[in-house]
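Because only heavy atoms are used, hydrogens play no part in the values below, and waters and symmetry mates are left out as well, while side chains stay in. Since the model is a prediction, treat every value here as computed from it, not as a measurement.
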Amino acid sequence: MFDIAWSTIKNRKGGFVAAFIAVICGSAVITACGVLFVSGLLSGVAPERYAGATVMVGGRQTKDVKENFDPYYAERVTVPASVAEQISRVDGVEKVVRDHSVEMTLQKDDGSARGEPVPLEHPLYGHGWSSAALGPFELAEGAEPGGAWETVLDAGLARAAGVEVGDTVRLSVGTTPQDYKVAGLVDAPGGGLDRQSAAFFTDARAAGLSQRPDRLTAIGVLGEDGTDAGELAGRIEAAVTGTDVVAYTGDAIGDLEFLDVGQSRGFLVMLSASFGGTALGVVVFVVSSTLGLAIHQRRRELAMLRAVAATPRQVHKLIGSEVLLVAGAGAVLGAAPGFLVAGLLRDAFADVGVLPADFELSFNPLPAVAAVLLSVLGALLAGFIAARRIARIKPVEALSESQVEKGELGRTRKAVALALLGLGLVTSIVLPLLIPGQLAIAGAGGSLLLLMVGSALISPVLVQTTTRLLTPLLMRSRVSGYLAAANSTANARRLSSAVVPLALGTAMALMQLSMLNTVEVTAKEQAATGVVSDYVVTSGTTGLSTDLAQKVRAVDGVGTVTPVARSQVLITYVEIDKPVSNPFSAQGLEPRDLDRTLDLDVREGSMDELRGDTVALSRIAADTARLDVGDTADVDLGDGTHKELKVVALYGKGLGFGDVTLPHGMLTEHTANQQDTALLVTGEDGGGGAGGKVESGLADLADGTPGLVVQSPEEFGAVEQGEFTQQSSTSLIANALLILYVLIAVVNTLVMATTGRSREFGMLRLIGTSKQQTRRMMFLESWVVILTAVVVGIAIAIPPAVGAALGTTGQPIPYVEPLAWGGIVVFVALLGWLSISLPTRSALRGRPIDAVYATE
């Protein structure tokens, strides 16, 4: 059977080449998703400042969720200082090093109160001198810090700042500066620090700079000679009681040292898992469409096989062998480019800031093996479905049907199509009304495939309907129009194979654009209208020190100051009988006179009650977690601290300000820097203070405070959109890959469908039709295909867009950018027309008689 299949492939290269290309591209997409997934599990960054430690001990940075992904905490989970004493008693431990780390900024002492900021390529962290042994760092010049106002800098930092031993530098924690004398310089292990800069202080000073002296960033362990690091780590974890800690060894220490690496791995796992499922569905759908058209073009040949006594099983085995050969070769060849695609995705994600620039992918062979297996299995399934109808009909009927397409669709096919369309509408529109929140948004996005498959099943009917509507226009061209109308009606199944991928590309592009625009525009509107203060105070440093609010309140003319802290929390709830913990952006606020500085559009409850163990939720977060005012929310704060919080208010502007609002003190106590992001300031008279006293006072305060920036609410709102832009860019990058694949499939399918009609073109020319008339016939047919695809694409993009709008804004009208939608439609139309017209011109170049007999 494989010999026959190979002979068929060699003599019918056109259709098989198209399927081959579809499988190659599909395998590359699946491989790329697999590489991202495996990288999320295995990749990492080698340690730098902790490179000399045998074992590093830190808090557990993930929440254990049974039967689901373990999400990462947004803030560093610290360790009680008492744990160091327990570790020191473990066999094999030679030395225990307590590490306090605090993020800082550096200014040169230029004689001004504000100081000139030193631009640094990497973040700067301050540490106790004893932790230098974990590098190990070696003193290159000067001496170790001998007093509270002395520091030792790493040599790379000193060069960047242009300072030497004996100079004075200004180091700030938030907006609190302090001058230090540079006592010495140290050389970093391995030739330098690539991801950070370091400043060392006395251990007592480092503990004082940290906001929680009773808790440690990490604990370093230097083992005795000959001690196995893995065994020592196991003994340490077993010995520590009363807290949940993790012992790291080898390159895994990098996860503890650089939190962004672990968080990036979690991001990749979540993204590739959700995106990979969608990608697999799209690939199978596109390959099915391509193979279906290829087999449809061979229906006369397959009918002859049935007429000469080939059994249905033999027809299936023949097609299965052909598909196995083509798909197997295509899947193997497509796997290698998939690694390149994964690298391009990594670079794109790094450019928008969701991955560290130095995050390395794990090029494991398993994604390629999985992609080959999934691509081949999907192609075999598609081939079986495409061959099923022609294999099961009687031989005489097969010969008859090979000449003229069957006019009516089967009742089963119609029933399945209507069921899928109905389910797609329910999932996209009804589900957000009944179960709003993130699940409804995900359902609305996933409903696109249901609607597309349903539309594909009845696409011949849609083509015939479009043809009937366009017939009066087509008939204006007497010969070409008549032929185009007749062909479109009689060969609706063939044309529908070209319509399906074109409609899918249109729908995916329009839906993604609408969903992203709806979220972005709504978030901007909420941010613009929500800040009602006169001024916003922010910082160009690591944040605003919490004592700055009192200084601002002391400015003459200031009436209300609302400090705003930012973080991320996890809310645990039950979703479809399974517990899930999802991250939500969070802010910390003081409720006093909040209505004078911030309008969150409170729908239920009152923000005045935001005190103690309470929380306010956005409508989206409340709907997602099935919570209402008075209910208890299961919340894990940024550093992993678990809280049971009473819901006291629900508000509408979650996209603009965060889905979770906590009491200010509660949130800041559980962040790494314990600093504010902004201060919202309103004058006593609500208009900036009489005579500009507030503006002048804030300007004077900024002149004497490192990094302090005074903004208008409009400027602050524009800056706040960075997070939404980043999220939108991430989604756009991921879906752009799928859309690109679909566009390749569009061109592939249309070219195959057109070149497969060479014999038909030859017959038309032999009976007197000119080249010009044939080209015009194909031009008119192309518009039947394009208009059907565009209408179907728009029709199936609207329900998911409406559902997503309901889930995110509560309103059924998505944001539509007319120029963008028009541009997509024009691009799709141009792509479809070129993919038909160019192959038509190529097919008409030869002699008609050669075209007729070449395909016999």
Side-chain angles (χ1 to χ4, degrees), residues 274-275 278 282 421-452 454-455 503-530 601 603 618-624 652-657 659 721 723-736 738-739 742 789-828:
S274 59
F275 173 64
T278 303
V282 171
L421 291 173
L423 182 60
L425 290 174
V426 169
T427 305
S428 60
I429 297 179
V430 179
L431 184 62
L433 294 173
L434 299 178
I435 313 175
Q438 292 184 349
L439 182 62
I441 298 172
S447 66
L448 180 69
L449 277 180
L450 293 174
L451 294 170
M452 191 65 246
S455 299
L504 178 59
T506 304
M508 288 185 64
L510 294 179
M511 184 196 72
Q512 286 298 323
L513 185 66
S514 176
M515 292 176 67
L516 293 177
N517 285 344
T518 299
V519 172
E520 286 187 2
V521 169
T522 304
K524 288 180 181 179
E525 290 177 352
Q526 291 181 2
T529 59
D601 184 22
R603 307 284 180 84
S618 72
R619 183 188 59 81
I620 295 176
D623 290 340
T624 299
K653 294 183 178 179
L655 290 175
F657 298 97
D659 290 308
Q721 297 313 307
E723 179 182 349
F724 303 111
T725 302
Q726 189 180 78
Q727 294 174 353
S728 299
S729 299
T730 302
S731 179
L732 191 60
I733 290 169
N735 285 283
L738 277 186
I739 293 173
V742 171
V790 168
V791 171
V792 171
I794 293 175
I796 64 176
I798 290 175
V802 170
L806 283 170
T808 55
T809 69
Q811 301 297 323
I813 302 176
Y815 181 82
V816 174
E817 180 64 51
L819 288 179
W821 277 54
I824 290 173
V825 170
V826 170
F827 175 78
V828 168

Could you tell me the separation between the [atom1] atom of [X] and the [atom2] atom of [Y], rounded to the nearest 0.5 Å?
| X | Y | atom1 | atom2 | result |
| --- | --- | --- | --- | --- |
| L448 | L504 | CG | CG | 6.5 Å |
| M511 | S428 | CE | OG | 10.5 Å |
| K653 | D601 | NZ | CG | 6.0 Å |
| D659 | T624 | CG | OG1 | 7.5 Å |
| L806 | D623 | CG | CG | 11.5 Å |
| L449 | M508 | CG | CE | 7.5 Å |

Show the nearest heavy-atom pair for residues [X] and [Y], with the distance to one decimal.
| X | Y | value |
| --- | --- | --- |
| Q526 | G654 | OE1-N, 3.5 Å |
| A507 | A797 | O-CB, 3.7 Å |
| T506 | V828 | OG1-CG1, 3.3 Å |
| T427 | P432 | O-CD, 3.8 Å |
| A503 | V792 | CB-CG1, 4.0 Å |

Q.
I want to check something: taking the side chain as every heavy atom from C-beta on, are P814 and V802 in contact at a cut-off of under 4.5 Å?
A.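 Yes - at least one pair of side-chain heavy atoms lies under 4.5 Å apart.
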Q. Does the side chain of Q811 come within less than 4.5 Å of T522's, by heavy atoms?
A.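 With C-beta onward as the side chain, the pair stays apart.
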Q.
Other residues, nucleotides and ligands only: do more than 12 of their heavy atoms fall within 6.0 Å of CD1 on I813?
A.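 Check fails, neighbour count at 12 or below.
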Q: Carefully, step by step, assess L425 and L451 under the rule side-chain contact (heavy atoms from CB on, under 4.5 Å).
A: CA-CA 8 Å; L425 290 174; L451 294 170; 4.3 Å; yes
Q. For the side chain to side chain contact (heavy atoms under 4.5 Å, CB included) test, which of L513, N517, V519, L516 pairs with Y815?
A.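 Answer to the side chain to side chain contact (heavy atoms under 4.5 Å, CB included) test with Y815 among L513, N517, V519, L516: N517.
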Q | Main-chain N/O of L510 paired with S514 side-chain donor or acceptor, under 3.5 Å | A |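 Between the backbone of L510 and the side chain of S514 there is no qualifying donor-acceptor contact (under 3.5 Å).
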